[in-house]
Amino acid sequence: MTENFNNSTGYQLVQEWMAGKGMDAFGFQKQAWQRFGNGYSGMVIAPTGFGKTYSIFLAVVIDYFNHPEKYGTGLKLIWITPLRSLAKDLGKAMQEAIDEIGLDWEVGVRSGDTDAKQKALQTKQMPDILLVTPESLHLLLAQKNNDRFFKNLKAIAVDEWHELLSTKRGVMVELALAILRHRKPKVRIWGITATIGNLDEAMDVLLPNISKKTKVVAKEQKKIEILSVYPPEVEILPWAGHLGGRLVEEVIPIILNSQSTLIFTNTRSQAEMWYQLLLSAHPDFAGQIALHHSSIDAHLRQWVEENLSNGTLKAVVSTSSLDLGVDFKPVDTVIQIGSSKGVARFMQRAGRSGHSPFETSNIYFVPTHSLELIEASALKEAVKNNIIENREPLVLTFDVLVQFLVTLALGGGFKEEEIFPVIQNTFAFSEMTEDEWKWCIYFITVGGKTGKNYEEFHKVVRDEEGKLVVQKRKIGMLHRMNMGVIVSDAMLKVKFVSGGYIGMMEEYFISRLHKGDKFILAGRVLEFAYLKEMTVYVRTSSGRAIAASWLGGRLPLSSHLGSYLRKKLADSLSPKAREKELKFLHPLLTQQNLISNIPKEEEFLVEYIKTKEGHHLFFYPFEGRLVHEVMAALMAYRISRLYPISFSMAMNDYGFELFSDKEIKLTEDELKQILSKENLMNDVIGSVNAAEMAKRKFRDIAVISGMVVQNMPGRQVNNRSLQASSGIIFSVLEDFDPENLLLRQAYTEVFNQQLEEVRLNAAFDRIAESKILFIQSDRFTPLSFPIKVDSLRQTLTSEDLATRVRKIQERNLKKRAKKK
DNA sequence: GACCTGCTGCGGGTTG
């Protein structure tokens, strides 16, 4: 037992196997093995590349050797991963290890990729270890008689738990675990995670109400070296921008001096442009570098991943599509272009380089505009202090719950009184009331107040035994086809006229193209030929072309990074500031200080700038664009209550602008007043269109809860009709069923995710304690200029923009000359 | 002299 663990057969065997592979077990791995053997559930915390897999996977192997009598046939370990590719790669590695250790276990993978034959074999006889995505696990639970799969289940591991935690996919995992625990109370559940800010909470979410749980933390730290990339002269770095193309000459030698490099960008089109930039600046890269993002054909992406792993490729330009994945062994260098927006993401990306845990990860930071260099020094400090963002778990996501209840009804049915406490035992639904539970049952059986007359909403019925079951074949089929919580935006396929799939484009982008127009996708110049049945047909071309763009998500600056940024900016002109980044920016910072001011940590800067176009008010909370969007609307609303005036607004991650052609009359007292926290949320609701925001949020909820069916056999509902049908349902519910839980959820999501209520409150708390600096200026400052440029872009075409920007420059220069 | 943008992830049935 415990005292003999180190002498146990299993432990000895696995140690020998590791030694034979030239691996030395880490302390955290040994700890995990032992605690697993002692019946604990828990969480393993270690950086990428530390062999976290070998902690829990081998723990099961060891436990088996130590207590073979406890293990029956069939499925012993379920391994949940967020990525299909991860499941596949880990499965291969595990099978190899199992074979070498000399067990006759079978390792199986089950995901959308798995072919039907393989799945049928698994259904007949489950492998000993099954690697699975959350969705595929739910599909297993939707099978009749699925109980037999789990008869001898001993353990469940949840890989990359930090990645799932704050998403609805994480809630899917919580629900599946609750059911499996209910059936097999002794099953040991282990989370595997990178470091995040709220590790204890992460464990409570995964292992609610489990008393025998433990945290296993790697003592060894991964060393990260952050290297800023500078242009030869200050002047070369623009005040505003996001591309960073001017530093391409500085990036090339970094690639050349490395064996293999990952280059992270923030958007797909930026990745496309950097790929082109690198090729044209250094043509020898042809065939040696590649491109990777979500809108590129899966086969091509797979080819890229393989050739990066085997060292054939010198560099890959990617978006966050390469954030996760099995270790790219030959990668020794990572380059981050532009802001990473958060500390955790930056560290995650840095960790993708360095061959072993003992090697230092090198990450180069390429600023795309001047102030981003301050971000680099902020990142350095945050990494040094190990300050990492939280991942907030979601609660009361009823859309996920009702989907799951239909899954259970499909998988043999359930009794309400038996399952209610099981669901309540999850973190996500621990606060669910009995009334809410009853509403969910009402929803899946009757369709809610408005679904009564529609048969397709009566999915679940009560059978003779009083169990809730799905009886209609069609409902079952549609449910399986629409399983999961990811609602994708419908896009157009891009194919060669001659055949061959390249990737995906958005309709809005294609709609601007005419026959013969050239654009770039997947690193190739393509000529638009024709559009047919949701497919864009193209021919290979060459010469000048526009880079494709997509309307993707926008990641706002995290509050951690924002606060370090404020701190670094505040100290930037202090003689004590030694960082190279700050020294480099000295001329620019001096200029900001001269025309306006550099706010100290306990100060809040507002600039009032009068130009020929009109009157601009700039605020700098450094809270990320999402919060700034809300703040801007709020400020505009509050000023317009003082006297009638309307504004146009613009924002970036550092601040926001209110612009009017009329003079903005505002005393310092009034400014203080409009920045006050008093009546905050009421004013916010008055200033934004919450119903419209909720309507947009409702689209996903309607799909996840099954009110709108996205996938039908033979067709996929496109974006616009998805938005339309969910919009109609939303309006009907607002009028006739305002108490509908899914409608309420849409508003909750707006408050939590869109308005970021918590962060907004914190920002106003901080401002209330700050001294407000109200500075007047007659020209744009280094801080305000990037926001101004952003606002110009929104209303004008790019050509106009160029002239507008030039005019602003000229005027500024004239004014400067005059002053001299 | 300063500019051009917006992440990721999953699933099954039918038909060819």
Side-chain angles (χ1 to χ4, degrees), chain A residues 81-87 110-114 116 119 132-139 142 160 163-164 167-170 172 233-246 264-273 293-295 318-325 338 340-342 345 368-370 474 476-488 506 546-556 588 625 652-653 704 710-716 780 782 785-786 788-794 796-806 808-810 812-813 816:
Chain A
T81 83
L83 260 63
R84 293 186 292 228
S85 61
L86 217 52
R110 194 181 181 100
S111 73
D113 284 349
T114 315
K119 278 186 193 160
V132 73
T133 57
E135 289 80 4
S136 285
L137 181 55
H138 275 224
L139 281 162
E160 311 277 7
E163 208 50 52
L164 292 165
T167 70
K168 288 184 181 176
R169 298 182 82 202
M172 285 180 80
E233 291 161 74
V234 190
E235 284 75 20
I236 289 176
L237 258 189
W239 282 19
H242 81 278
L243 198 59
R246 283 160 186 268
F264 285 107
T265 61
N266 281 336
T267 70
R268 284 165 279 185
S269 71
Q270 191 181 16
E272 295 272 355
M273 287 192 240
H293 60 71
S294 66
S295 292
S318 89
T319 56
S320 54
S321 57
L322 283 182
D323 274 356
L324 283 182
S340 67
K341 311 281 182 189
R345 183 172 304 103
T368 59
H369 60 83
S370 305
K474 194 182 170 200
M477 184 193 76
L478 280 181
H479 186 73
R480 271 189 275 267
M481 276 186 75
N482 288 281
M483 187 84 75
V485 291
I486 298 170
V487 182
S488 353
E506 283 191 44
I546 45 172
S549 67
W550 292 263
L551 295 167
R554 304 165 158 185
L555 284 169
L588 180 86
R625 1 182 11 128
N652 65 12
D653 275 327
I704 294 167
Q710 185 170 229
N711 297 314
M712 301 275 251
R715 82 186 169 98
Q716 196 189 14
F780 292 113
F785 188 76
K788 185 68 235 160
V789 169
D790 214 64
S791 80
L792 291 177
R793 251 175 20 101
Q794 285 169 10
L796 300 163
T797 69
S798 56
E799 237 181 39
D800 288 335
L801 179 63
T803 38
R804 288 290 284 274
V805 168
R806 211 161 31 240
I808 295 173
Q809 296 159 17
E810 281 162 10
N812 263 353
L813 284 175
R816 220 194 293 183

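Since the structure is predicted, the reported quantities are computational estimates derived from the model, not experimental observations.
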Would you say B:dT5 has OP1 or OP2 under 4.0 Å from some side-chain N or O of A:R554?
-> no
When you look at A:E163 and A:L83, which way does the side-chain contact (heavy atoms from CB on, under 4.5 Å) test go after all the steps?
-> CA-CA 10 Å; A:E163 208 50 52; A:L83 260 63; over 6 Å; no
Distance in angstrom units between A:E160 CD and B:dG9 P, rounded | 13 Å
Please determine if a side-chain N or O atom of A:S269 lies less than 4.0 Å away from the OP1 or OP2 oxygen of B:dG6.
-> yes
Any side-chain N or O of A:R84 less than 4.0 Å from the OP1 or OP2 oxygen of B:dC10?
-> yes
Determine the contact category for A:T167: base if any of its heavy atoms lies under 4.0 Å from a base atom, sugar-phosphate if only primed atoms, P, OP1 or OP2 are that close, otherwise nothing.
-> nothing
Taking only N and O in the side chain of A:S488, is any of them less than 4.0 Å away from OP1 or OP2 of B:dC10?
-> no
Nucleotide nearest A:M481 when distance is taken to its side chain, options B:dC10, B:dC7, B:dG12 = B:dG12
With a non-hydrogen cut-off below 4.0 angstrom, is A:K119 in contact with a base, only sugar-phosphate, or nothing?
-> sugar-phosphate
Within this structure, what is the CG-to-C1' distance between A:L478 and B:dT14, rounded to whole angstrom?
-> 13 Å
Listed partners of A:H138 passing ring pair (Phe, Tyr, Trp, His ring centres under 6.0 Å), at least two apart | A:F404
Examine B:dC4: is either OP1 or OP2 under 4.0 Å from a nitrogen or oxygen in the side chain of A:H242? Give yes or no.
-> yes
Atom-to-atom span, CD of A:E272 to C1' of B:dC7 - whole angstrom | 15 Å
In whole angstroms, the gap separating C1' of B:dC10 from CG of A:N482 amounts to 12 Å
A:H138 near the nucleic acid: base, sugar-phosphate alone, or nothing, with a heavy-atom cut-off under 4.0 Å?
-> nothing
Candidates B:dG6, B:dT8, B:dC10 - which lies nearest the side chain of A:R625 | B:dG6
What is the minimum heavy-atom distance between A:P134 and A:L164, and which atoms define it?
-> CG-CD2, 4.3 Å
Heavy-atom nearest nucleotide on DNA chain B taken for A:S320 and for A:L243; more 5' hit belongs to A:L243
Check whether any side-chain nitrogen or oxygen of A:R246 sits under 4.0 Å from OP1 or OP2 of B:dG1, and answer yes or no.
-> no
Which whole-number value in Å describes the distance from A:M712 CE to B:dT15 P?
-> 15 Å
Counting any heavy atom closer than 4.0 Å, what does A:S111 reach on the DNA or RNA strands: base, sugar-phosphate only, or nothing?
-> sugar-phosphate
The residue, A:L588 or A:T267, whose nearest nucleotide of DNA chain B is more 5′ is A:L588
Considering all heavy atoms, the nearest A:K119-A:T114 contact | CE-O, 3.5 Å
With respect to the phosphate group of B:dG9, does any side-chain polar atom (N or O) of A:T133 fall under 4.0 Å of OP1 or OP2?
-> no
N or O in side chain of A:S321 less than 4.0 angstrom from B:dG9 OP1/OP2 | no
Verify the contact: side-chain N or O of A:S549 to OP1 or OP2 of B:dT5, cut-off strictly under 4.0 Å; return yes or no.
-> no
Is any N or O donor-acceptor pair between the side chain of A:T319 and the base of B:dC7 shorter than 3.5 Å?
-> no
A:L555 CG to B:dG6 P: how many Å, rounded?
-> 13 Å
